[in-house]
Amino acid sequence: MFQFYKNWMEFFFFIVMILGIITALSAPSAFISYIIIFLAGMIAGRLIYERKRKIKLPYIMIIAGFLIGYLIGVYYGNVWIIIILFIIGGILSFRLYNNKILRDVRF
Amino acid sequence: MGELVDLQDKIKRYYKFTPYELKGLLVSIFVIAFIISFDEWGTANFNLGMGLYNLFNSVLIVALSILVHDAGQRLFGLIAGYRVEFKMWLFGLLSALIAAFANNGRIPYLWIIVPGGFMLHHLAGHRLGWFRYGINYFGQAMVALAGPLFTLMLIILLKVISIFNTSFLIEKAIRFNVIYMIISLLPIPPLDGSKIYFGSRMLYAFVLPAMIFATILIVVNAPVFLSLILSLLVGIVLWLTYYISFERKVWTGPK
């Protein structure tokens, strides 16, 4: 039987993957696909910054789920450029927060 | 009279923005202005001049609206004995940008306006305020409510101005503020609605329908005074309905 507290990583991996597919399918051009994945990378970077000194692996798996979903659903654009932009967005966002250039609330 | 002097002093000391707040406000204003001017960068083809002009107009609208919203919370916070600090919400802003790009102007006015939330700091040197000796949920709810209330007042003011001088800019500002107010009342942290909801469910049950009803009436050109009275009545009726059907059974008293 499905137990949420034990399988939450797999659950959110699946949900976020579906979200990635839907987002990728809604992008009308390669340029917009690249911008969306860069922004998604920034969200991922913020999330990894949040978990800097806490358990990371489930979060990284969930983030990877979004990227996999996006790669499955993307119609326009090169797969490698998408992966690179996602990583660049993540690193940029992480650095901005780590160097205290940006501060915000998580909730 | 003494309270007014005290408030004046508090405004002078604590109203100003910190550098982080300013940075957050600037980022939020530019991102939201870009979102609301997303489909105004040319009609058939991309037009940079037209786009920049519309972006500039949007920056003016967004800056005015966010600053009015924030001013309400800051002023009420100072009255209650808190210093309000604006905090940008990057998750919200990035999600709003992704939604704008994915939508690509297909659904008009799909604006997710979530600039951020606020944090309260207790003014320890002014402990004779209304909420003494610490921050509490209800105080936070009241401070949060002041933001949408000020936005509603701005909508009323813009509507009155639009009667005498109709312009695209004012119409857009009204539309923006209506969406901003409704979204900020949603119970999603860190939006104002979540703070009102967790502060007092009864207050939320009154405020949400009353303010949405008032906005709808004002937007459809109903007289302002009548709109406010009717929305107050709707708020009271729904507040009572909520109390009788739900709150009465679950409320167990203060713990």
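The figures that follow rest on heavy atoms only: side chains count, while hydrogens, waters and symmetry mates do not. Chain letters run A, B, ... following the sequence lines, proteins first, then strands; residues in each count from 1.
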Check your understanding: Should Val62(B) and Tyr180(B) count as side-chain neighbours, where that means a heavy-atom distance under 4.5 Å?
Key -> no

Extract all donor-acceptor atom pairs below 3.5 Å that involve side chains of residues 142-155 of chain B and protein atoms in other chains or at least two apart in sequence.
residue	atom	partner	partner atom	Å
Thr151(B)	OG1	His69(B)	ND1	2.9
Thr151(B)	OG1	Gly147(B)	O	3.1

Taking the six-membered ring for Trp, are the ring centroids of Tyr109(B) and Trp111(B) within less than 6.0 Å of each other? yes

Note to self: For the CZ atom on Phe56(B), are there more than 12 heavy atoms of other groups (residues, nucleotides or ligands in this structure) within a distance under 6.0 Å?
What the structure shows: no

Worksheet item: Under 6.0 Å between the ring centres of Phe38(B) and Phe34(B)?
Response: yes

Do Leu102(A) and Met88(B) make a side-chain contact, defined as non-hydrogen atoms from C-beta onward lying under 4.5 Å apart? yes

Quick one, Leu25(B) and Phe17(B) - any side-chain contact, counting heavy atoms below 4.5 Å?
yes

Is the shortest heavy-atom distance from the side chain of Ile43(A) to the side chain of Ser93(A) under 4.5 Å?
no

Check: With a 4.5 Å limit on heavy-atom distance, are the side chains of Phe76(B) and Val84(B) in contact?
Finding: no

When the 4.5 angstrom heavy-atom criterion is applied to Phe101(B) and chain A, the contacting part is both

So do Leu185(B) and Asp192(B) actually touch side chain to side chain, heavy atoms under 4.5 Å? no

Among residues 76-90 of chain A, those lying within the under-4.5 Å heavy-atom range of chain B are none

*Does a side-chain heavy-atom distance below 4.5 Å link Tyr20(B) with Lys100(A)?*
yes

Against chain B, residues from residues 61-72 of chain A with at least one heavy atom under 4.5 Å, in numeric order, are none

When the 4.5 angstrom heavy-atom criterion is applied to Ser194(B) and chain A, the contacting part is neither

message: Between the side chains of Glu40(B) and Lys172(B), is the shortest nitrogen-to-carboxylate-oxygen separation below 4.0 Å, so that they form an ion pair?
response: yes

Okay, Leu39(A) and chain B: the region with an atom under 4.5 Å from a heavy atom over there is both

Checking heavy-atom separations under 4.5 Å from chain B, one finds in residues 11-38 of chain A Thr23(A), Ser26(A), Pro28(A), Ile32(A), Ile35(A), Ile36(A)

Taken to the nearest 0.5 Å, the spacing of Ser65(B) OG from Leu60(B) CG works out to 10.5 Å

Any side-chain heavy-atom pair of Phe94(A) and Lys52(A) under 4.5 Å | yes

